[in-house]
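Encoded as structure tokens, the structure appears first; notes follow it.
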Amino acid sequence: QVQMVESGGGLVQPGGSLRLSCAASGRIASINAMGWYRQAPGKERELVAAISSGGSTNYADSVKGRFTISRDNAKNTVYLQMNSLKPEDTAVYYCNADARVYFGGPYSQFWGQGTQVTVSS
């Protein structure tokens, strides 16, 4: 199976920055897209940003120009640099990978355990 381990969440003041990391490990044959989602209290989980294996990215409108997603394919790691944070960015952030555990097999979705990001003064 594939394990996703996140790090980098915490408490930050409005206007501040945080960098989230998520490393995939275990039995991995290949990873297609990777991404970050978030879920605020009382709201549904939403896509924040995603990146393909080739480096193409897409972002939620609410974070465009403030957040940057990147990945290191050699390390099976995805990052989310978050700048100019706002209170409405407060949520649990989850990383996601579309991966397969053997070549020729099907791709499946794997999730991290979530990391809390709180933006407050």
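Residue numbers run from 1 in the order of the sequence given.
Looking at W36 and I69, their side chains come closer than 4.5 Å, going by heavy atoms from C-beta outward. Using a 4.5 Å heavy-atom threshold, the side chains of Y107 and S30 count as touching. Residues Y37 and N96 have side chains in contact (heavy-atom distance under 4.5 Å, counting atoms from C-beta outward).
A donor atom on one side chain and an acceptor atom on the other are found under 3.5 Å apart for T118 and Q116. D72 and T77 form no side-chain donor-acceptor contact under 3.5 Å, judged by distance and modelled atom types alone. Donor-acceptor pairing under 3.5 Å is recorded for the side chains of Y93 and R38.
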Q. Between V117 and L18, does a side chain to side chain contact (heavy atoms under 4.5 Å, CB included) hold up when you go through it step by step?
A. CA-CA 9 Å; V117 171; L18 281 175; 3.9 Å; yes
Q.
Go through it in stages, so that I can follow the logic: the residues are T115 and V92, the test is side chain to side chain contact (heavy atoms under 4.5 Å, CB included), and I'd like the CA-CA distance, side-chain angles, deciding distance and then a yes or no.
A. CA-CA 5 Å; T115 186; V92 178; 6.0 Å; no
Q: Test side chain to side chain contact (heavy atoms under 4.5 Å, CB included) on N32 and R100 and set out the steps.
A: CA-CA 8 Å; N32 192 7; R100 56 184 178 179; over 6 Å; no
Q: Would you sort out whether N76 and N73 count as a side chain to side chain contact (heavy atoms under 4.5 Å, CB included), showing the intermediate values?
A: CA-CA 5 Å; N76 290 331; N73 290 332; 5.7 Å; no
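P14 and S120 make their closest contact through CD-C, 3.6 Å (heavy atoms, listed as atom of the first residue, atom of the second, distance). Among all heavy-atom pairs drawn from A29 and F103, the shortest one is O-CZ, 3.1 Å. P106 approaches Y102 most closely through the heavy-atom pair CD-OH, 3.6 Å. When all heavy atoms of L20 and M82 are compared, the closest pair comes out as CG-CE, 3.8 Å. The two residues A49 and L47 have their closest heavy-atom pair at O-CD1, 3.6 Å. Of all heavy-atom pairs spanning V119 and D89, the tightest one is CG2-CB, 4.3 Å.
Ion pairing between D61 and K64 holds under the 4.0 Å rule for side-chain N and carboxylate O.
Residue E88 places its CD atom among more than 12 non-hydrogen atoms of other residues, nucleotides or ligands, all under 6.0 Å distant.
Linking ILVMFWY side-chain heavy atoms closer than 4.5 Å, directly or via other members, places Y59 and I51 in a single hydrophobic cluster. Both I28 and M34 belong to a single network of hydrophobic side chains, linked directly or stepwise wherever heavy atoms of I, L, V, M, F, W or Y lie under 4.5 Å apart.
Taken from CD in Q13 to OG in S121, the straight-line distance is 7.0 Å, to the nearest 0.5 Å. In this structure, OG1 on T68 lies 6.5 Å from CG on N83, to the nearest 0.5 angstrom. If you take SG on C95 and CG on L80, they are separated by 10.5 Å, rounding to the nearest 0.5 Å. Atom OG in S21 sits 9.5 Å away from atom NZ in K75 (nearest 0.5 Å).
With hydrogens and angles disregarded, a donor-acceptor distance shorter than 3.5 Å links the side chain of R66 to the backbone of S84. With S62 contributing its side chain and A60 its backbone, the two residues share no donor-acceptor pair below 3.5 Å. The backbone N or O of G114 lies less than 3.5 Å from a partner atom in the side chain of E6, making a donor-acceptor pair.
A cation-pi contact, defined as under 6.0 Å to the ring centre and within 45° of the axis, links R19 to Y79.
Using the six-membered ring where Trp is involved, Y94 and W111 have ring planes that are perpendicular, over 60° apart on the 30 and 60° scheme.
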